[in-house]
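Every chain is numbered from 1, with letters handed out A, B, ... down the list of sequences.
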Amino acid sequence: MTQITPDIVREHGLSEEEYARIIRLMNREPNFVELGIFSVMWSEHCSYKSTRFHLRKLPTKAPWVLQGPGENAGVIDIGDGDACIFKMESHNHPSFIEPYQGAATGVGGIMRDVFTMGARPVAMMNALRFGEPSHPKTRHLVSGVVSGIGGYGNCMGVPTVGGEVNFHRSYNGNILVNAMCVGLARADNIFLSAAKGAGNPVVYIGSKTGRDGIHGATMASAEFDDASEEKRPTVQVGDPFTEKLLLEACLELMATDAIIAIQDMGAAGLTSSSAEMGDKGGSGIELDLDKVPQREANMTAYEMMLSESQERMLAVLKPGREAEAERIFKKWELDFAVIGITTDTKRLVIKHHGGVVADLPITALSDEAPVYERAYETQRPKSGQPKFDAKKSVTDSLVKILSSPDMCSRRWVWEQYDYTVMADTAQQPGGDAAVVRVHGTNKALAITTDVSPRYCKADPFEGAKQAVAEAWRNITAVGARPLAVTDNLNFGNPQKPEIMWQIVAGIDGIGAACCALDFPVISGNCSLYNETNGEGIHPTPAIGAVGLMANVHRMATVAFKRPGDAIILIGETRGHLGQSIYVREIEGREEGAAPPVDLAAEKKNGDFVRKLIEDGRIDTAHDVSDGGVLVALAEMALAGNIGAEVGVAGETPEAIPFFYGEDQGRYLLAAPPDVADKIDQEAEKSGIVVALLGKTGGDKIAIAREGEVLLSKLRKAHEGWFPAYMSGEEVPLTN
Amino acid sequence: MKSAVVVFPASNCDRDAATALEQMTGSKPHMVWHQEKDLPDVDLVVLPGGFSYGDYLRCGAMASQSAIMRAVKEHAEKGGAVLGICNGFQVLTETHLLPGALMRNADLKFVCRPVGLEVNETQSVYTRKYSHGERVVFPVAHGDGNYFADDETLNRLEGEGRVVFRYAEGDNPNGSARNIAGILNEKRNVLGLMPHPERVVDPLLGGTDGRKLFESLIETLS
Amino acid sequence: MKARVFVTLKNGVLDPQGKAIGHALNGLGFGAVGDVRAGKVIDLELHESNAEKARASVKEMCEKLLANTVIEKYEIELKA
């Protein structure tokens, strides 16, 4: 077997100290297979070694939380014995290398995380960040990622109901592909990964194992030096067809009581799944690799343990139930093999060709993995309000903003996703939150993903707070009660103190907002070392969130419904232009303070709005976020194809800060005048800042003293950019 | 009306079809696994949408070879109603129960959106409750819906009144020849269409234009 | 014996994929590229040593499954 040299240790991403720690824990030098196992289990991806210390600070509990972080996904109680299971996860690096397969396998991986717990996936979302549109790779990456997400999700028959797409140069060399999956299960039939008990069969199900995606570090290692090109690790390739069969087969098996524990094989498939199952169950696991279904000949133990072949699961069954399980998997034409047994030794023992090739204490892989309290250097957040040219036309700017890469319609993207399959999508992409009915009931889930990386760059704490608040607000704006969060923390290199500060401040910001809004974090994922030319990406703590709506027929949407409705603005407008879309797109500068979030006002305003929707008094609502009031208003007008007449209201007389400021905690509502008057009075009585901006009607947006613009012109601007850009036409490329 | 929904590996609109059928007829359809050799005693067989066999090789190609398709053919030959939606339509052309083929969308992209359709033909068990020329909106969700047939076949389809649904002018999502969205076989008991009528039977989900298709079937077959 | 099956669209059937490939190649500066047609290659391993029998069997496979003869044509190449 390969001799372990300092070079090999380094190529496995382990430091000298870490290697010394391994020797201490093993009481000997590890062999090559064991080193490979340590390298993946102690990787940032599996061990959260840079973030774990800080993640502990996040609120994770609430009466409705059935399972918090630590399992494949989090679980919440949604009443009537139903549970909702969800998680968001990144697949950034693979998607940059091979956008179609990277994104596709990202979707597949997160779906497995959810259905391995017993849930049928019912909705997908994705948060995507690309480099600037003028960068030569961007178009190719957008095209590949979007078709990869669609290719996998559409085949699975799970609707992709929304998400985000942003462009910024900080992602030029490192795009972000974060996919979120939401599933439904019965609360009393949730499956966990704890392989409790000794003497139980460990079974392998799904696709065969090949040399897919064996991590980069090993490519250069001695073992591969004399190998042919054919043997080189390859990009993981997704097979949604097999995954669909795996989903159905797993759910069929889960309807029996044969399973003790089950876990998908994600990163470093066999290694992490077996180690984690043993760790959680307090048991040992013995695997015989000769029994693993293999796609390629002559695979080594090292390759099998580190393979990232997709569409595979590991399960521990009750003894004697193997035949029953095998019948189900054969029906679905999937591989099934008993490959090992649980033991009481708390050791992971790997056999191959009749000999033991690895034997290590499981706690060394999990509990004893290093945890770092990395040094961080507090930076001063950006401050101040940017200057602007007050003479610029408000309406011309609206056209320009609505046709900008970050603010234009994403129709080109979401029309490639089947968002209506499963026949429960009550609110499709393009609104504040997607609404998906719980099949066969009147209740529904509201789902969103949010983060404004430019705010996080200016002020990681306020930016992360804002991401949570916006997710909470988006769920509220459709009339649902926000229940829980999954966080996907995308940052740069944690070994740089200024980046580590972004991480710490970001987690603190999430924690502060989640505490104040009673919005626990139930699952998540960290993706670190995201850099372009040695410079970190904008800190991007993407927040995925789920809320519950008791009556799906009392739902608000963004579209104006009737001419003659009064337009109500809830929340205080101070005209905060720092880090705004307006200043970036119109003045061409990214500057100023990120907008602060007053969490008490956020909660008060949101609870007020939600009650109006639940009581059936409001059917039209939109959160005010990127671009401010006028952009929100235009989106409502375009969605309903009804114009509006509005004017500046309240204490901010200047048109540009009023219409384009990005103050937080605000909503636009529309209601018949008599209803609106009452709401206005009630809001004032409750101490909520409220203003009547004008009324709906006509075929244009008319702004008192500022001019008007036809909806048809706005629509053309809004819908035009994306398809034109993707077809390679010359388009304005700001940002 | 008694109905069955065939389930191929990686069908994924089987549940949607079953839900719509149950909602419209009041009784649950039989779900029939593709390896079955016989169909239950039913009036209508639905081949649902999805990605049978992952759409590998060609959409619907492998499903058309499955055991159950022999029984479906017999059912059709005896005059029984067979409705193929989306992937089901692709299976029907691969089985030669319907002429032509469904090719990759002209812009090579999967497309999901509501499209305007024109009901071209009301002389069928599927469309008698619609009026001639009626405009309806059904969603499409497919990557391979570009209907192709040679001119002779197309002329014949049109001449025999077998083009039941056409995409409204300017709303053809996939490049289909002569805006064809759905066609009948010669005996007019087999319908294949790319748009999804089963996704528009509930006002919450974007309309009820698909209901008349099921009502037509219920009226005729019950 | 091994068989290689080439499946391509029949002449006259529009090939949007080929068109897109051609367009992309032109965009990359390969101005000499005219019409492009895309197809697929299917490699089969056969337990059959008689070439004639092998060809007949593969032909049947093509007719039945590998090609859709409404839109596609096929060619068979045999290797011992």
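- Between A:F241 and B:Y53, the angle of the ring planes lies from 30° to 60°, which puts this pair in the tilted group.
- Other residues, nucleotides and ligands contribute more than 12 heavy atoms inside 6.0 Å of the NZ atom of A:K443.
- Sparse packing is recorded around NZ of B:K28, with 12 or fewer heavy atoms of other residues, nucleotides or ligands lying under 6.0 Å away.
- Contact annotation for A:R411: neither backbone nor side-chain heavy atoms come within less than 4.5 Å of a heavy atom of chain B.
- Note: B:G54 leads B:S52, B:G54, B:G50, B:G143 in heavy-atom pairs under 4.5 Å with chain A.
- Using a 4.5 Å cut-off on side-chain heavy atoms (C-beta onward), B:F110 and A:E415 make no contact.
- When each of A:Q428, A:H439, A:R437 is scored by its heavy-atom pairs under 4.5 Å with chain B, the top score falls to A:H439.
- Distance check, rounded to the nearest 0.5 Å: NZ of A:K331 to CH2 of B:W33 gives 5.5 Å.
- Counting non-hydrogen atoms of neighbouring residues, nucleotides and ligands closer than 6.0 angstrom, the CZ atom of A:R562 exceeds 12 such neighbours.
- Of all heavy-atom pairs spanning A:T420 and B:C112, the tightest one is OG1-SG, 4.1 Å.
- Counting heavy-atom pairs closer than 4.5 Å to chain A, the top residue among B:D14, B:L205, B:V111 is B:L205.
- Heavy atoms closer than 4.5 Å to chain A are found in the side chain of B:R15, but not in its backbone.
- The line from CE of A:M422 to CG of B:N12 is 9.0 Å long, rounded to the nearest 0.5 Å.
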### From CA spacing to verdict: side chain to side chain contact (heavy atoms under 4.5 Å, CB included), B:F51, A:M156
CA-CA 8 Å; B:F51 286 71; A:M156 288 296 290; over 6 Å; no
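- Here the side chains of A:Y419 and B:R113 are in contact, with some heavy-atom distance below 4.5 Å.
- The distance from atom CD of A:E333 to atom CD of B:Q35, rounded to the nearest 0.5 Å, is 5.5 Å.
- Of all the listed residues (B:A141, B:S11, B:A10), the one sharing the greatest number of non-hydrogen pairs under 4.5 Å with chain A is B:A10.
- Taking CG from A:D418 and SG from B:C13, the interatomic distance works out to 6.5 Å, rounded to the nearest 0.5 Å.
- The parts of A:V552 that come within reach of chain B are both its backbone and its side chain, each placing non-hydrogen atoms under 4.5 angstrom from that chain.
- If you tally non-hydrogen atom pairs under 4.5 Å between each of A:K244, A:Q427, A:E243 and chain B, the highest count goes to A:K244.
- Using a 4.0 Å cut-off between charged nitrogen and carboxylate oxygen, B:R199 and A:D424 do not count as a salt-bridge pair.
- Between the NE2 atom in B:H142 and the CG atom in A:N154 there is a gap of 11.5 Å [rounded to 0.5 Å].
- When heavy atoms are compared at a cutoff of 4.5 Å, B:D202 approaches chain A solely by way of its side chain, counted from C-beta outward.
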